[in-house]
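Fair warning: this is a prediction, and the values are worked out from it, not measured in the lab.
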Amino acid sequence: TATASGLCGITTGSRIVTVNPSTGAVSFTAGATTVCQDAADETYTATAANSTSMAYSVSPASAGTINPATGVMNWDAAFSGTATITATATGLCGSTTENRIVTVNPSTGAVSFTAGVTTVCQNAADETYTATAANSTSIVYSVTPAAAGTINPATGVMNWDAAFSGNATITATASGLCGITTGSRIVTVTPTVTINAFSPGVSTRCQGSETVIYSTTASNSTGITYSLDAASLSGGNTINSVTGSVTFASGWSGTTTITASAAGCNGPAISTRLVNTTPTVTITPFTSPTATRCQGTSTVVYST
């Protein structure tokens with residue numbers, strides 16, 4: 001109000017003044033502070049007293065894009081780390097801002113085995129299977145089928161069942177802040193080699209040059225090798241190591257040991273056969289091949 005005084009009176013006039021309030025501090029009312037990599041769109045909402053508008057922004061730019069009017073944040077699938085959501089309130093009397101720090105946790109990576117063989121023999125020693133996965137906080141191990149044995153879920157130490165052979169699957173399950181991933185390793189458990197006994201186990205033959213095949217069969221074997229004992233070899237006998245064919249020397253007599261060795265898991269498996277070679281019969285001539293006697297009853301011994 002202005003009041004004017006003069007020699008001839010007093011007059012007044014008034015001016016109405018509107019004092020607008022300051023724009024208040026920004027306060028976030030919605031929007032997560034922790035999300036997983038490539039999370040679904042997240043809406044960030046903020047308020048400020050005496051504001052006429054609110055605008056949203058995000059940094060760094062690699063985090064994704066945010067709708068400046070609605071606060072809807074679309075996360076970039078490749079981004080992980082820390083992002084800052086900024087809300088800027090504008091009013092008749094100034095602008096105010098506030099930040100919300102958002103941690104974008106990386107996704108749990110794919111599982112990759114780094115240790116543990118893929119082929120073992122039946123009833124093998126304990127085998128340790130190890131796997132890794134980026135951004136994982138723990139890895140748990142399991143095995144199928146159950147008949148294969150037992151595995152320590154924390155250490156990956158596999159104890160094979162002595163009776164098991166075939167294919168087993170070792171599975172590693174990685175857990176992280178953002179998801180679970182799995183990976184498998186197929187393990188072939190090769191059965192123990194066995195060999196059938198020679199039939200018969202012992203045989204007899206007469207001295208003389210001759211070739212005879214002595215063979216047997218094996219299960220789970222990669223091959224059978226045949227051999228002779230040292231004495232037989234010294235006596236001139238020979239053997240085909242692949243077929244088991246033995247050639248006896250004409251002058252040989254005595255016992256020959258034929259050994260079949262089957263290669264394979266937990267081998268070799270061994271079987272033997274004994275062949276007794278009986279020397280050729282000989283006879284000594286009568287001392288006097290011709291004799292003369294007189295007629296008459298008599299008993300005479302003629303021997304050699």
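The shortest distance between side-chain heavy atoms of Thr188 and Thr190 falls below 4.5 Å. Annotation: side chain of Pro60 is in contact with side chain of Phe79 (closest heavy-atom distance under 4.5 Å). The side-chain heavy atoms of Cys178 and Gln37, taken from C-beta on, include no pair separated by under 4.5 Å. The closest side-chain heavy-atom distance from Asn105 to Thr34 is below 4.5 Å. Counting heavy atoms from C-beta on, the side chains of Tyr56 and Thr45 come closer than 4.5 Å. In this structure, the side chains of Thr108 and Ile180 stay at 4.5 Å or more apart for every pair of heavy atoms.
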Result block: side-chain N/O donor-acceptor pairs under 3.5 angstrom for residues 47-54, not counting sequence neighbours:
unit_1, atom_1, unit_2, atom_2, d
Asn50, ND2, Ser22, O, 2.7
Ser51, OG, Ala48, O, 2.8
Thr52, OG1, Thr90, O, 2.9

Ignoring hydrogens and angles, write down the donor-acceptor pairs under 3.5 Å from the side chains of residues 294-301, residues two or more places apart or on other chains.
none

So Asn196 and Thr217, side chain to side chain donor-acceptor pair (under 3.5 Å) or not? Walk me through it.
CA-CA 6 Å; Asn196 294 315; Thr217 58; 2.5 Å; yes
Check the pair Ser245, Asn240 against side chain to side chain donor-acceptor pair (under 3.5 Å), reporting the backbone distance first and the verdict last.
CA-CA 5 Å; Ser245 176; Asn240 185 310; over 6 Å; no
Is there a side-chain contact (heavy atoms from CB on, under 4.5 Å) between Thr65 and Val58? Walk through the geometry before answering.
CA-CA 7 Å; Thr65 57; Val58 63; 6.0 Å; no
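Interatomic distance, Ser184 OG to Ile186 CD1, rounded to the nearest 0.5 Å: 6.0 Å. Rounded to the nearest 0.5 Å, atoms OG1 (Thr256) and CG (Asn237) are 5.0 Å apart. Note that OG of Ser59 and CD1 of Ile85 are 8.0 Å apart. Values are rounded to the nearest 0.5 Å. Atom OH of Tyr302 sits about 9.5 Å away from atom CZ of Phe286, to the nearest 0.5 Å.
When the side-chain hydrogen bond (donor to acceptor under 3.5 Å, both in side chains) test is applied to Asp161, no partner is found at least two apart in sequence or on another chain. Not counting sequence neighbours, the partners of Thr278 by the side chain to side chain contact (heavy atoms under 4.5 Å, CB included) test are Thr204. For Thr259, the side chain to side chain contact (heavy atoms under 4.5 Å, CB included) partners two or more places apart in sequence, or in a different chain, are Ser227, Thr257, Ile270, Thr272. When the side-chain hydrogen bond (donor to acceptor under 3.5 Å, both in side chains) test is applied to Asn220, no partner is found at least two apart in sequence or on another chain. Contacts of Ser234 classified as side chain to side chain contact (heavy atoms under 4.5 Å, CB included), with partners at least two apart in sequence or in another chain: none. Every side-chain hydrogen bond (donor to acceptor under 3.5 Å, both in side chains) that Thr86 has, sequence neighbours left out, goes to Asn99.
Grouping Ile, Leu, Val, Met, Phe, Trp and Tyr residues whose side-chain heavy atoms lie under 4.5 Å apart, directly or via other members, places Tyr129 in a hydrophobic cluster with Phe113, Val117, Val120, Ile139, Tyr141, Val143, Ile151, Met158, Trp160, Phe164, Ile170, Val187, Val189.
In plain terms, the two heavy atoms of Cys93 and Pro21 that are nearest each other are CB-O, 3.5 Å.
Counting only residues at least two apart or in different chains, salt bridge (Lys or Arg N to Asp or Glu O under 4.0 Å) contacts with residues 1-17 are absent. Note on residues 257-276: no pairs pass salt bridge (Lys or Arg N to Asp or Glu O under 4.0 Å), not counting sequence neighbours. Listed by first then second residue, pairs satisfying salt bridge (Lys or Arg N to Asp or Glu O under 4.0 Å) with a partner in residues 205-217 read Arg205-Glu210, not counting sequence neighbours.
Counting only distance, with no hydrogens or angles, the side chain of Gln122 and the backbone of Thr192 share a donor-acceptor pair below 3.5 Å. Judged by distance alone, the side chain of Ser221 and the main-chain N or O of Val193 form no donor-acceptor pair under 3.5 Å.
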